[in-house]
Enquirer: 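Attaching a single structure in structure tokens format; questions to follow.
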Amino acid sequence: MNTILTRFIAEHAASVEPTAYVLEGRRAQRPRGIFPAAFRRFGGSIAAVSGKQRVVIQNQQTVGGFQVNLTSLASVDGYEASRSATLAYEYFRAARLTVPSGRAFSSREYEAALDYLEQHNEAPLLVKPAHTSRGRGITPNVRTEQDLKAAWENARAVYIRGLGSSNQILLEEQIEGISIRAFIAGERVVAATARIPMFIVGDGNKTVEELAVRSVRLRRRNPFLSEYSLDVHQILQDSYVDPSHVPPRGEILVLSERVGMQYGGVTVDITDHLGSDLQKLAVGAAWAVPGIPVTAVDLVAPQLDSAEGAAVLQIDVEANLAIHHFPWIGQPRPVAEYVARAMIRRAHV
């Protein structure tokens, strides 16, 4: 049990009602809704070019463009670092930022990876493809040969499906802490969200299954989370928690090891709780890669008020902005407006 995570849930989520959203806002969960709304506030408009490509027009001048979540603000360096964890780590190390210790292997080097795992004496490792998106192919808590075999195939499947640009697989230390996504605009953090796995809180009356079903039902009211369909029975089966168990009032049960929305994960806005040292770490990660005035940065940290024990995991110039616009708990943060400002500012330099 991750005691850091359980404590965070108890303090920031367990007794807080999910944020309410009007049904009309559901359409704004995608960039084609979020971006046009932001640019309209600055007198801009969106025009389709071809396929998913869009351009932004202001005063009859093209000021930028975007394709799904990728905008014209991203540099080649930023795009490549977003696509490759190994490359991103090189940028972070060059800037003297802390990253998880680990090693990259070719997908054909399973035996070498197994030797590396055995050197860690069953300390938990995280296994992931060097290129991934939305948490695909990532397996936490890998300790044994059996764990590694399953995790290896899970990572390889990302490349088999054509989602990756290399075939490297990373084995790295698993840092216990809170998964944080910070959004950087210029030199400051304008939004920060904690991503936590699916959890339930006992009421002394309902079973685990009843509480899980209720949690999934509540997710359908969230414009962002409702996009992810969940199989409650599969989640409970994977959690090894007895579905018929009745947890006592106030007991927190975490039902997954994964924070991805597709695995039942939820989001908590922590913008006002993120300490200055963690903000500096996030901004430093964004500035470690040339040419990205706005980007998401992923961190893991044992606590919100200190960078001690924290590490940088990733930058993402293709991040879904809806995670900040529609948090499960907390205040919505309209980060698309910062993207719009940056795009318009660059066009008039």
Side-chain angles (χ1 to χ4, degrees), residues 21 23-85 87-88 91 131-136 158-159 161-166 181-186 190-191 223-228 261-262 286-287 289-298 314-326 332-349:
Y21 297 96
L23 290 178
E24 288 77 10
R26 295 175 68 90
R27 250 186 276 176
Q29 66 201 327
R30 297 178 179 175
R32 67 169 177 263
I34 290 175
F35 280 141
F39 284 112
R40 279 196 296 270
R41 293 188 182 94
F42 296 95
S45 61
I46 307 296
V49 178
S50 63
K52 298 177 181 178
Q53 188 67 45
R54 302 291 183 268
V55 293
V56 180
I57 299 172
Q58 185 188 52
N59 299 327
Q60 298 183 327
Q61 176 186 355
T62 298
V63 297
F66 63 91
Q67 182 173 333
V68 189
N69 298 316
L70 179 65
T71 77
S72 56
L73 291 169
S75 65
V76 173
D77 302 82
Y79 178 76
E80 293 294 336
S82 293
R83 291 290 179 117
S84 169
L87 177 60
Y91 279 113
H131 167 92
T132 188
S133 175
R134 297 184 180 180
R136 296 184 181 99
V158 170
Y159 300 126
R161 292 195 299 268
L163 299 176
S165 55
S166 75
R181 167 154 289 187
F183 195 83
I184 315 301
V190 296
F224 174 52
L225 298 179
S226 62
E227 286 291 288
Y228 299 87
M261 309 301 106
Q262 67 271 39
W287 279 75
V289 183
I292 45 175
V294 294
T295 187
V297 173
D298 289 343
Q314 181 184 13
I315 64 161
D316 190 354
V317 298
E318 299 181 83
N320 191 336
L321 305 187
I323 195 173
H324 301 295
H325 281 250
F326 301 102
R333 308 287 176 172
V335 297
E337 293 187 13
Y338 291 94
V339 176
R341 286 194 193 101
M343 196 174 287
I344 293 170
R345 188 182 305 117
R346 174 181 285 186
H348 294 296
V349 170

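No experiment lies behind these values; they were computed from the predicted model shown. In this chain, numbering begins with 1 at the start of the sequence shown.
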Enquirer: Which pair of non-hydrogen atoms, one from Ala191 and one from Arg333, has the smallest distance, and what is that distance?
Expert: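 Heavy-atom minimum between the residues: CB-CB, 3.7 Å.
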
Enquirer: Sub-3.5 Å donor-acceptor pair from the side chain of Trp287 to the main-chain atoms of Pro293, do we have one?
Expert: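 Between the backbone of Pro293 and the side chain of Trp287 there is no qualifying donor-acceptor contact (under 3.5 Å).
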
Enquirer: What's the shortest heavy-atom distance between Thr295 and Ile292, and which atoms?
Expert: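 So the two residues come closest at CG2-CD1, 3.9 Å.
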
Enquirer: Closest approach of His131 and Arg83, non-hydrogen atoms and distance?
Expert: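 That would be ND1-O, 2.6 Å.
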
Enquirer: Can you tell me how far the CD atom of Gln67 sits from the CD atom of Glu318, to the nearest 0.5 Å?
Expert: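 These two atoms lie 8.5 Å from each other.
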
Enquirer: CD of Glu227 to CD of Gln262: how many Å apart, nearest 0.5 Å?
Expert: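 Glu227 CD to Gln262 CD: 13.0 Å, rounded to 0.5 Å.
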
Enquirer: Which distance, rounded to the nearest 0.5 Å, do you find between the OG1 of Thr71 and the CZ of Arg54?
Expert: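 So the OG1 of Thr71 and the CZ of Arg54 are separated by 15.0 Å.
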
Enquirer: How long is the span from the CD1 atom in Ile34 to the CG atom in Asn320, to the nearest 0.5 Å?
Expert: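 Spacing of CD1 (Ile34) from CG (Asn320) equals 6.5 Å.
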
Enquirer: Does some side-chain heavy atom of His325 sit less than 4.5 Å from a side-chain heavy atom of Phe224?
Expert: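 Of all side-chain heavy-atom pairs linking His325 with Phe224, none is under 4.5 Å.
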
Enquirer: Looking only at heavy atoms, which two atoms of Ile315 and Gly78 are closest? And how far apart?
Expert: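 That would be CD1-O, 4.0 Å.
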
Enquirer: Say you draw a straight line from CD of Glu337 to CG of Leu321; how long is it, rounded to the nearest 0.5 Å?
Expert: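 With rounding to 0.5 Å, CD (Glu337) is 11.5 Å from CG (Leu321).
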
Enquirer: Are any side-chain N or O atoms of Ser75 and backbone N or O atoms of Pro290, one a donor and one an acceptor, separated by less than 3.5 Å?
Expert: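 Checking the backbone N and O of Pro290 against the side chain of Ser75, a donor-acceptor pair under 3.5 Å is found.
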
Enquirer: So, for Val289 and Ala81, which heavy atoms are closest and what is the spacing to 0.1 Å?
Expert: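 Nearest pair, atom of Val289 first, then Ala81: CG1-CB, 4.2 Å.
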
Enquirer: If you compare all heavy atoms of Arg181 against all heavy atoms of Ala319, which two are closest, and at what distance to 0.1 Å?
Expert: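 Distance-wise, the nearest heavy atoms are NH1-CB, 3.5 Å.
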
Enquirer: How many angstroms lie between atom CD1 of Ile46 and atom CZ of Phe66, to the nearest 0.5 angstrom?
Expert: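 CZ of Phe66 is found 4.5 Å from CD1 of Ile46.
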
